[in-house]
Amino acid sequence: MSNDRNGDPAEASQPEAPERQSNFIRDTILQDIANGKHGGRVHTRFPPEPNGYLHIGHAKSICLNYGLAQEFGGKFNLRFDDTNPTKEETEYVDSIIEDVRWLGADWEDRLFYASDYFPQLYEYALLLIRKGKAYVCDLTAEQIREYRGTLTEPGTESPWRNRSVEENLDLLERMKAGEFPDGTRTLRTKADMASANLNLRDPIMYRILHAEHHRTGNTWCIYPMYDFTHGQCDSIEGITHSICTLEFEDHRPLYDWYIQELGIFAPQQLEFDRLNLTYTLLSKRKLLALVQDNHVTGWDDPRMPTLSGIRRRGYTAEAMRTFCSRIGVSKTNGMVELGLLEHAVREDLNQRALRVMAVLNPLRVVIDNYPEGRTELMECVNNPEDASAGTREVPFSKTLYIEQDDFREDPPKHFYRLSPGREVRLRYGYLVTCTSVVKNEKGEVVEVHCSYDPATRGGNTPDGRKVKSTIHWVSAEHAIEAEVRLYENLFLTEDPNDSSRGQEWTENLNPKSLEVVAHPKLEPSLKHAKAGTSYQFERLGYFCLDRDATPDKPIFNRTLGLRDSYAKIDKAKAKK
RNA sequence: UGGGAGGUCGUCUAAUGGUAAGACUGCGGCCUCUGGAGCCGCGUAUCGGGGUUCGAGUCCCUGCCUCCCAGCCA
């Protein structure tokens with residue numbers, strides 16, 4: 001076996017088929033295909049409720065469902081589970097469509113809504129009534145709860161359970177016609193009030209809701225419950241594998257019951273674990289609260305784990321897909337480390353980001369022996385990982401800005417950057433040596449003076465001498481103004497839901513999750529930064545133009561910092 | 001104390017009765033005009049106790065722990 005990694009470039013550029021990780025769902029499908037189940041057909045779907053924006057957890061489901069359909073030459077549907085008009089909005093529908101598309105999942109012409117099936121669902125309900133398997137119940141919500149029993153005690157049957165088929169038919173018709181106010185009656189399944197599975201204790205099929213639906217308007221005033229909708233929708237669409245999350249495991253017997261009583265196509269439901277991510281909240285309810293209580297600026301705030309948020313933050317769809325395939329699928333309740341996501345993002349951005357120089361905390365540097373008024377254009381590589389990205393010219397002059405962190409008057413051990421008497425390389429510029437510093441009244445260094453070596457133009461060392469450090473810079477007179485937004489985790493605790501000390505989850509919020517750098521100094525090429533392009537501010541991190549930017553004032557979001565091994569030693573020392 | 005589902009390195013996931021593997025993290029080294037990237041190496045795991053078997057993470061029994069379910073939400 002050869003260790004030579006610089007072999008045939010054609011071979012090196014072969015796109016490696018992504019190693020498909022085995023998982024129990026894929027195994028099941030493989031087996032079903034082998035057994036000729038559904039004629040070897042594979043049809044999956046992603047069924048969101050349009051009551052909020054999609055987040056990273058949904059990405060896992062989308063990638064799983066779409067990935068499986070793709071791998072086995074099957075089909076993938078997008079279907080909105082819109083059975084609760086009081087919580088659902090068109091805004092959410094639109095954002096979900098955009099997000100699923102962004103992730104790269106293709107539903108072709110199969111965009112559906114559960115509400116498309118309302119008439120069919122109603123027919124199913126009539127059928128169950130006729131079969132004596134459903135009844136109209138006059139119990140109030142509170143009474144239904146009491147009759148339901150508890151986890152350890154069986155429920156008791158509703159006094160309305162044995163109405164005649166005719167009466168049930170009549171009552172349902174009148175419920176549908178709007179004769180009764182909200183909450184006065186329900187249509188219930190006649191199942192088993194003594195079942196150990198609470199979902200089988202005569203679950204509600206229809207409730208009265210005089211509410212306008214985002215698609216059906218005021219056509220209906222009774223709406224089917226999710227449990228009476230989801231399985232049949234999958235059936236109608238011919239979904240072979242209904243993949244959902246663990247909490248629906250208990251509902252499967254009910255779905256199967258409906259399917260069997262109705263005598264319709266039977267999809268197979270498979271349940272997997274939903275994603276939990278450290279330092280991240282993935283609950284629509286709580287994300288909505290963050291938005292409504294203005295803890296963030298909106299659903300697409302770059303600190304949000306929503307797909308629109310991370311997209312605005314600069315995460316790529318490619319990185320999301322990689323992440324989703326790496327975390328795998330199982331039934332264990334785990335918590336994935338945020339670092340795994342961040343690794344996938346860095347890995348992708350490292351390949352594609354254009355390198356530029358930007359100084360966030362400027363410190364003035366004057367090169368005493370550099371000619372006054374002179375400007376040189378230095379050729380800089382745009383992306384060392386991708387030669388086709390080419391080069392650009394960056395102006396160099398007598399007065400520059402460097403990062404405050406890159407200078408220490410009294411350098412600690414392992415600090416290799418600029419300090420009095422020390423020579424460093426200005427990236428693509430010259431080698432400079434610090435000769436003196438200027439301080440303010442408070443004793444802070446406000447300006448650094450250096451001398452440069454004219455023989456080192458471009459940062460080269462013809463004599464072969466080494467410098468320990470290369471730092472970035474921006475020419476003072478050419479620097480452009482901008483705003484840079486630095487993000488930290490939205491939560492301080494690994495588990496944002498942790499309320500072990502009795503505090504509200506909102507108290508786990510990180511007050512410093514957003515830091516605005518009002519006056520950074522950016523290299524002039526960034527004047528023409530493009531939305532949707534990732535930039536690496538060298539030695540700092542990955543950034544992208546925010547949608548708040550204007551032609552006069554670019555605004556950049558920090559997607560993610562670069563790994564920083566000096567920061568690591570620094571931190572390790574601080575701990576000791 | 002009902003029902004359902006789970007428990008493999010610090011984390012996530014494989015191993016489908018036959019050498020417990022990979023990724024992330026961590027640590028060490030090499031390399032470098034980004035302390036970036038890359039490369040090399042090291043480390044750590046089958047929840048406990050019994051049993052079946054030539055052989056058990058896998059099968060059986062038993063104990064422990066975790067998650068989900070009592071919405072006219074999905």
Side-chain angles (χ1 to χ4, degrees), chain A residues 3 5 19 21-24 27 47-49 51 81-84 86-88 137 139-141 144-146 148-155 182-188 195-201 204-209 223 225-227 229-230 244-253 271 273 278 284-285 326-344 346-347 350-351 355 357 381 384-385 414-417 425-429 431 456 458-461 466-472 536-541 561-569:
Chain A
N3 288 329
R5 306 277 163 176
E19 189 69 27
Q21 187 145 235
S22 169
N23 67 60
F24 75 99
D27 291 347
E49 184 193 12
N51 67 342
D81 259 325
D82 54 353
T83 55
N84 185 354
T86 65
K87 291 188 177 169
E88 296 149 7
C137 181
L139 255 27
T140 64
I144 285 183
R145 196 184 325 123
E146 285 162 5
R148 185 151 36 224
T150 68
L151 292 178
T152 51
E153 298 160 320
D182 289 4
T184 53
R185 286 178 223 266
T186 54
L187 180 70
R188 292 231 255 163
S195 173
N197 182 346
L198 268 46
N199 296 118
L200 262 19
R201 317 244 263 230
I204 292 169
M205 295 157 66
Y206 272 94
R207 74 286 215 189
I208 302 173
L209 234 39
Y223 290 91
M225 296 287 289
Y226 173 85
D227 277 353
T229 304
H230 192 82
C244 66
T245 42
L246 254 25
E247 68 270 26
F248 293 104
E249 217 149 16
D250 285 348
H251 298 238
R252 176 158 31 94
E271 308 88 4
D273 61 328
T278 57
K284 270 200 209 170
R285 202 198 100 233
R326 282 191 190 152
I327 56 176
V329 180
S330 73
K331 293 179 83 107
T332 58
N333 263 297
M335 174 86 83
V336 175
E337 288 176 348
L338 221 210
L340 190 54
L341 206 212
E342 296 183 335
H343 174 79
R346 286 198 183 95
E347 189 177 56
N350 177 51
Q351 294 303 315
R355 271 61 169 179
M357 291 197 284
V381 173
E385 306 292 329
H414 298 299
F415 182 90
Y416 304 138
R417 284 107 96 148
R425 173 186 292 109
L426 293 176
R427 182 125 159 111
Y428 301 122
L431 266 59
T456 59
N460 300 306
T461 49
K466 302 278 187 202
V467 284
K468 272 273 198 182
S469 180
T470 297
I471 65 176
H472 62 278
Q536 185 195 102
F537 290 6
E538 291 212 29
R539 303 206 306 134
L540 296 178
L562 247 30
R563 282 182 57 196
D564 180 350
S565 47
Y566 177 68
K568 209 153 64 180
I569 0 184

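Predicted model, so just to flag it, every value in this text is computed and none were measured.
- Residue contacts shown for A:His414 include a base, since a base heavy atom lies under 4.0 Å away.
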(message) I'd like to compare against my own output: the B/S/- annotation of nucleotides 20-31 of chain B with a strict under-4.0 Å heavy-atom distance to protein.
(response) ---SSSSS----
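- How far CZ of A:Arg417 is from OG1 of A:Thr470: 11.5 Å, rounded to the nearest 0.5 Å.
- In this structure, A:Asp250 CG and A:Leu198 CG are separated by 9.0 Å, a value rounded to the nearest 0.5 Å.
- The side chain to side chain donor-acceptor pair (under 3.5 Å) check on A:Asp81 picks up A:His230, with sequence neighbours excluded.
- Using a 4.0 Å heavy-atom distance criterion, A:Gly183 is classed as a base contact.
- Distances shown here put a side-chain N or O of A:Arg207 below 4.0 Å from the OP1 or OP2 atom of B:rC73.
- Proximity note for A:Arg539 (side chain, C-beta onward) versus B:rA74, B:rU34, B:rC72: the nearest is B:rU34.
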Less than 3.5 Å apart, which donor and acceptor atoms pair up between the side chains of residues 333-343 of chain A and the rest of the protein, not counting sequence neighbours?
none

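- A:Glu538 pairs by the side chain to side chain donor-acceptor pair (under 3.5 Å) definition with A:Arg427, not counting sequence neighbours.
- Separating the CD atom in A:Glu271 from the CZ atom in A:Phe24 is a distance of 7.5 Å, to the nearest 0.5 Å.
- With sequence neighbours excluded, no residue satisfies side chain to side chain donor-acceptor pair (under 3.5 Å) with A:Asp564.
- Across all strands, A:Ile327 comes closer than 4.0 Å only to sugar-phosphate atoms, never to a base (heavy-atom distances).
- For B:rU13, one of the phosphate oxygens OP1 or OP2 lies less than 4.0 angstrom from a side-chain nitrogen or oxygen of A:Ser330.
- Anti is the classification of B:rG26, since its glycosidic angle lies more than 90° from 0.
- Counting non-hydrogen atoms under 4.0 angstrom, A:Val467 reaches nothing in the nucleic acid.
- Relative orientation of the A:Tyr226 and A:Phe248 rings is tilted, given thresholds of 30° and 60° on the angle between their planes.
- A:Glu271 comes within 4.0 angstrom of nothing in the nucleic acid, heavy atoms only.
- Contact annotation: A:Arg252 side-chain N/O to B:rA5 OP1/OP2 distance is not under 4.0 Å.
- Ranking B:rG35, B:rA70, B:rA37 by closeness to the A:Glu385 side chain, first place goes to B:rA37.
- Base engagement by A:Thr186 is indicated by at least one non-hydrogen atom pair under 4.0 Å involving a base atom.
- Side-chain proximity of A:His251 to the nucleotides B:rA74, B:rG2, B:rU34 is greatest for B:rA74.
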N/O-N/O pairs, protein side and nucleotides 43-47 of chain B side, under 3.5 Å:
none

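- For the OP1/OP2 pair of B:rG35 and a distance below 4.0 Å, the side-chain nitrogens and oxygens of A:Arg427 include no atom meeting the criterion.
- Straight-line distance from the CE atom of A:Met335 to the P atom of B:rU11: 11 Å, rounded to whole Å.
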(message) Is there a side-chain contact (heavy atoms from CB on, under 4.5 Å) between A:Tyr416 and A:Val467? Walk through the geometry before answering.
(response) CA-CA 9 Å; A:Tyr416 304 138; A:Val467 284; over 6 Å; no
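- Base engagement by A:Thr140 is indicated by at least one non-hydrogen atom pair under 4.0 Å involving a base atom.
- Under the 3.5 Å distance criterion, the side-chain polar atoms of A:Asp273 are left unmatched by any main-chain donor or acceptor of A:Leu246.
- Taking a pair as Watson-Crick or G-U wobble with both distances under 3.5 Å, RNA chain B forms stems of 3 or more consecutive pairs at B:2-7 with B:64-69, B:10-13 with B:21-24, B:26-30 with B:38-42, B:47-51 with B:59-63.
- Across B:rA74, B:rG2, B:rG71, the shortest atom-to-atom separation from the side chain of A:Arg148 is found for B:rG71.
- Within the nucleic acid shown, A:Leu187 has no heavy atom closer than 4.0 Å to any nucleic acid atom.
- Applying the side chain to side chain contact (heavy atoms under 4.5 Å, CB included) rule to A:Asn23 yields the partners A:Ile25, A:Arg26, A:Val329; only residues at least two apart in sequence or on another chain are considered.
- Between B:rC72, B:rG35, B:rG4, one nucleotide has an atom nearer to the side chain of A:Asp250 than all others, and that is B:rG4.
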Mind listing the N/O atom pairs, protein and nucleotides 16-19 of chain B, below 3.5 Å?
{"from": "B:rU16", "atom 1": "O4", "to": "A:Ser22", "atom 2": "OG", "distance (Å)": "3.4"}
{"from": "B:rU16", "atom 1": "O4", "to": "A:Asp27", "atom 2": "OD1", "distance (Å)": "3.4"}
{"from": "B:rU16", "atom 1": "O4", "to": "A:Asp27", "atom 2": "OD2", "distance (Å)": "2.3"}

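- Among the protein residues, A:Asn350 comes within range of the nucleic acid bases, having at least one heavy atom under 4.0 Å from a base atom.
- Using a 4.0 Å heavy-atom distance criterion, A:Phe415 is classed as a base contact.
- Residues forming a side chain to side chain contact (heavy atoms under 4.5 Å, CB included) with A:Ile144 (at least two apart in sequence, or on another chain): A:Leu139, A:Arg148, A:Thr186, A:Arg188, A:Ile204.
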Protein and nucleotides 6-9 of chain B: nitrogen or oxygen contacts under 3.5 angstrom:
none

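- Nucleic acid contact class of A:Pro384 (heavy atoms, under 4.0 Å, all strands): base.
- For A:Arg355, the side chain to side chain donor-acceptor pair (under 3.5 Å) criterion is met by A:Asn350, A:Asn383, not counting sequence neighbours.
- The side chain of A:Phe248 sits closest to B:rA74 out of B:rU34, B:rG35, B:rA74.
- Evaluated for a side-chain hydrogen bond (donor to acceptor under 3.5 Å, both in side chains) with A:Asn51, the options A:Glu88, A:Lys87, A:Lys284 yield exactly one hit, A:Lys284.
- Distances shown here put every side-chain N or O of A:Arg355 at or beyond 4.0 Å from the OP1 or OP2 atom of B:rU34.
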